[in-house]
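Okay, so here's the structure we're looking at.
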Amino acid sequence: MTDEFAGLMRERAYVGGDWVDAGSEARQAVDDPATEQTIGHVPDLAAADIDAAIDAAVNAFADWRDTSPLERADTLLAWYRGMTEHREALARLMTREQGKPLAEARGEVDYAASFFRWFAEQARRADGETIPADRPDVALGTVQEPVGVAAVITPWNFPLAMITRKVGAALAAGCTTLVNPATQTPFSALALAVLAERAGLNRGEFNVVTGSGKRFAERVCADDRVRALSFTGSTPVGRELLRQSADTVKRTAMELGGNAPFIICDDADLDEAVEGALAAKFQTSGQDCVAANRLYVHRSLYADFVERFTARMNDMAVGNGFDENNAIGPLINRDAVDKARSLVDDARDKGARILGRDQSEAPGPRFFMPTVIADFTPGMRVAGEESFAPVAPICAFDDDDAVIAAANDTIYGLAAYVYTHRDARIRKFMRRLEYGMVGVNTMDITGAQVPFGGVKQSGLGREGADAGMQEYLETKYYCVGGVPSR
Ligand SMILES: NC(=O)c1ccc[n+]([C@@H]2O[C@H](COP(=O)([O-])OP(=O)(O)OC[C@H]3O[C@@H](n4cnc5c(N)ncnc54)[C@H](O)[C@@H]3O)[C@@H](O)[C@H]2O)c1
Ligand SMILES: N[C@@H](CC=O)C(=O)O
């Protein structure tokens with residue numbers, strides 16, 4: 001039988017360069033969200049196993065830190081090539097455990113690999129500086145040094161890219177890494193470990209610690225030898241991790257939840273706006289931190305927009321991501337479906353119009369048929385909560401100041417989108433939207449070269465770009481005395 005995952009699917013954790021089971025032999029099942037069938041098991045590592053992984057990363061640090069930037073760059077490039085050579089197997093494994101349509105999974109493999117290429121290039125640019133001295137007998141300057149061992153905790157919605165964006169930066173900076181992938185999607189992380197070995201990463205530089213995120217966080221946060229913690233996930237868990245990191249004063253980077261407004265002004269190109277809104281809302285079945293969570297449409301376009309958006313939405317096929325016709329896959333679990341249903345029920349009870357196909361057409365218990373919530377109001381749950389589901393609340397607005405105020409009326413500040421072609425208006429929205437990222441006339445805003453991140457309770461720090469590597473670097477200042485005067 002041919003192996004559709006090309007030998008990349010492993011059912012053991014990867015610690016110190018070895019494939020290991022939990023000391024207790026505890027294991028967790030991983031299922032396919034489209035079929036709810038078990039696809040394999042991974043170890044649920046216990047505290048002692050996690051401590052062993054920390055030891056491995058600590059022991060590997062001195063050697064990795066001392067490699068040349070060129071050597072680190074070459075290793076990351078070899079890893080990048082491994083990913084691109086195995087693009088199809090990685091994509092199939094992702095669709096199997098995450099559920100997203102294959103075309104989206106292929107796109108994520110490309111996106112994830114691009115972080116290794118980007119940070120390979122950045123590894124050679126961690127420049128220090130010279131500082132003009134205030135007296136003649138000293139030389140002043142800075143060098144950039146790796147923070148130390150970095151722990152990363154990643155979510156299930158982007159099982160590869162959320163790892164490579166952190167790990168690529170950390171390794172390029174000279175840090176060693178401990179990755180705790182989401183329990184729903186560990187196989188993509190373990191496939192990365194197979195490719196890491198082949199790329200020449202040595203024992204302990206990249207560890208995949210499967211099992212409970214809570215337990216992993218407790219161990220790494222308590223351990224002073226782990227110097228950085230980077231997390232992508234929900235705001236409540238991010239808050240808890242910040243508290244836990246305080247005890248050992250770790251460097252933290254937090255990519256947390258969003259509540260993205262998608263604003264369509266009266267001068268927008270309606271075709272462009274409908275297509276942008278569909279992609280911003282329904283990619284990854286709406287389970288994307290930068291997904292459009294609320295759509296605001298100028299009253300002059302509102303009825304037309306709702307009609308066209310709903311018609312296009314109703315044409316989107318829903319089903320197993322392995323069927324290339326399907327545009328919307330399953331949600332990650334039944335709780336997510338229940339949450340989507342309760343958001344829609346709450347909006348209906350409070351007077352919204354619910355548009356779309358009937359939920360009885362859903363092809364399985366983890367599917368939710370895409371739904372428009374027309375005429376939503378600020379008192380409805382969908383206005384303030386991140387739906388993480390194919391649910392599109394839409395309302396009309398009359399003037400720019402009012403829609404900016406509504407867009408900013410949230411604890412979140414990750415991504416916002418605005419469709420308008422007027423220069424002055426573009427500048428106004430860009431300045432006044434309280435978000436870390438603003439897309440204008442496009443929803444396609446991410447990439448390895450951009451500083452991805454949010455303000456307010458959407459997080460701390462940036463990933464990608466040069467800023468992403470700075471999260472893993474310390475600036476060391478030096479002052480050399482006794483410099484002979486000329
Ligand atoms: N800003 C971003 O870049 C970004 C990207 C993806 C997802 N997200 C956010 O993630 C959320 C969706 O993912 P989720 O529901 O799985 O989030 P979550 O916070 O429940 O889980 C995310 C990760 O944290 C782990 N985890 C859960 N509880 C933990 C704890 N107490 N201590 C340590 N780790 C723990 C999980 O195992 C998982 O790996 C959304 O809010 C979304 O916006 C943000
Ligand atoms: N879609 C985001 C990931 C967040 O969920 C990205 O583009 O990086």
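The figures here come from the full heavy-atom set of this structure, side chains too, leaving out hydrogens, waters and symmetry mates.
- Counting heavy atoms from C-beta outward, Met380 and Thr377 have side chains that approach closer than 4.5 Å.
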Test side-chain contact (heavy atoms from CB on, under 4.5 Å) on Arg294 and Thr410 and set out the steps. CA-CA 11 Å; Arg294 307 166 276 160; Thr410 169; 3.8 Å; yes
With side-chain hydrogen bond (donor to acceptor under 3.5 Å, both in side chains) as the criterion, how do Asn293 and Ser387 come out once you've worked through the C-alpha distance, each side chain's angles and the decisive distance to 0.1 Å? CA-CA 7 Å; Asn293 205 49; Ser387 67; 3.3 Å; yes
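- The existence of a salt bridge linking Arg106 and Asp110 is excluded, since no basic side-chain nitrogen approaches an acidic carboxylate oxygen closer than 4.0 Å.
- Ring geometry for Phe262 against Tyr419 counts as parallel: the plane angle stays under 30°, on a 0 to 90° scale with 60° as the upper cut.
- Here the side chain of Asn326 pairs no donor or acceptor atom with the backbone of Ile328 at under 3.5 angstrom.
- Across every non-hydrogen atom of Ala291 and Ala260, the tightest pair is O-CB, 3.3 Å.
- For the 3.5 Å distance criterion, the side chains of Thr442 and Asp444 fail to qualify, holding no donor opposite an acceptor.
- Residues passing the side-chain contact (heavy atoms from CB on, under 4.5 Å) test with Arg431, sequence neighbours excluded: none.
- Distance CD/Gln457 to CE/Met254: 13.0 Å, rounded to 0.5 Å.
- Counting heavy-atom neighbours within 6.0 Å of Glu36 CD, excluding the residue itself, gives a total above 12.
- Residues Thr35 and Asn320 have side chains that never bring a donor and an acceptor to within less than 3.5 angstrom of each other.
- At distances below 3.5 Å, not a single donor-acceptor pair connects side-chain atoms of His298 with backbone N or O atoms of Ala396.
- A salt bridge does not link Glu471 with Arg462: every distance from a Lys NZ or Arg NE/NH1/NH2 to an Asp or Glu carboxylate oxygen is 4.0 Å or more.
- Remark: Phe187 engages no residue in a ring pair (Phe, Tyr, Trp, His ring centres under 6.0 Å) (not counting sequence neighbours).
- When all heavy atoms of Ala126 and Met469 are compared, the pair lying nearest together is CB-CE, 3.8 Å.
- With sequence neighbours left out, the side-chain contact (heavy atoms from CB on, under 4.5 Å) criterion links Asp349 to no other residue.
- Between Asp345 and Arg348 there is a salt bridge, since a side-chain N of the basic residue sits under 4.0 Å from a carboxylate O of the acidic one.
- A salt bridge does not link Arg299 to Asp266: none of the charged side-chain nitrogens sits closer than 4.0 Å to a carboxylate oxygen.
- In this structure, the side chain of Asp375 does not engage the main chain of Ala352 through any donor-acceptor pair within 3.5 Å.
- Not counting sequence neighbours, the partners of Ser188 by the side-chain contact (heavy atoms from CB on, under 4.5 Å) test are Met94, Glu97, Pro159, Leu160.
- Looking only at side-chain heavy atoms (C-beta outward), Val237 and Phe231 come within less than 4.5 Å of each other.
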Using the rule given for side-chain hydrogen bond (donor to acceptor under 3.5 Å, both in side chains), can you reason through Tyr435 versus Asn259, listing the C-alpha separation, both sets of side-chain angles and the distance that settles it, and then say yes or no? CA-CA 10 Å; Tyr435 286 82; Asn259 180 6; 6.0 Å; no
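- A donor-acceptor contact closer than 3.5 angstrom links the side chains of Asn325 and Asp323.
- For the pairing with Lys428, the salt bridge (Lys or Arg N to Asp or Glu O under 4.0 Å) check across Asp400, Asp423, Asp401 returns one residue only, Asp401.
- Lys214 and Glu218 are joined by a salt bridge, as a carboxylate oxygen and a charged side-chain nitrogen come within less than 4.0 angstrom of each other.
- For the residue pair Ala392 and Phe309, the shortest heavy atom distance occurs at CB-CE2, 3.7 Å.
- Note that CZ of Phe305 and CD of Glu307 are 12.0 Å apart. Values are rounded to the nearest 0.5 Å.
- With Trp79 contributing its side chain and Ala113 its backbone, the two residues share no donor-acceptor pair below 3.5 Å.
- Lys166 and Thr232 share a side-chain donor-acceptor pair at under 3.5 Å.
- With respect to the salt-bridge test (charged N to carboxylate O, under 4.0 angstrom), the residues Arg96 and Glu4 qualify.
- Applying the side chain to side chain donor-acceptor pair (under 3.5 Å) definition to pairs two or more places apart or across chains, none involves residues 146-162.
- The closest side-chain donor-acceptor pair between Gln359 and Thr371 falls under 3.5 angstrom.
- Using a 4.5 Å heavy-atom cutoff, the side chains of Lys250 and Val226 are in contact.
- Nearest heavy atom pair, residue Gly257 against residue Thr235, reads N-OG1, 3.2 Å.
- Scanning all heavy atoms of the two residues, the minimum distance from Leu77 to Arg117 falls at CD2-CG, 4.0 Å.
- No salt bridge links Asp335 with Lys339; every basic N to acidic carboxylate O contact stays at or beyond 4.0 Å.
- A salt bridge is absent between Lys100 and Glu104: the closest approach of a Lys/Arg side-chain nitrogen to an acidic carboxylate oxygen does not fall below 4.0 angstrom.
- Considering every non-hydrogen atom in both Pro451 and Ala465, the closest pair reads N-CB, 3.6 Å.
- Here the side chains of Gln287 and Gln98 are in contact, with some heavy-atom distance below 4.5 Å.
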CA sep, side-chain torsions, deciding dist, call: Arg341, Phe368, side-chain contact (heavy atoms from CB on, under 4.5 Å): CA-CA 8 Å; Arg341 190 175 296 117; Phe368 194 81; 4.1 Å; yes
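- Within the 4.5 Å cutoff, the side chain of Arg357 has heavy atoms near those of the Val318 side chain.
- Ring centroids of Phe376 and Tyr296 are separated by less than 6.0 Å, placing the two rings close together.
- Shown here are the side-chain contact (heavy atoms from CB on, under 4.5 Å) partners of Arg251, two or more places apart in sequence or in another chain: Val147, Ala228, Glu474.
- You'll find the side chain of Cys265 reaches within 4.5 Å of the side chain of Val418, heavy atoms only.
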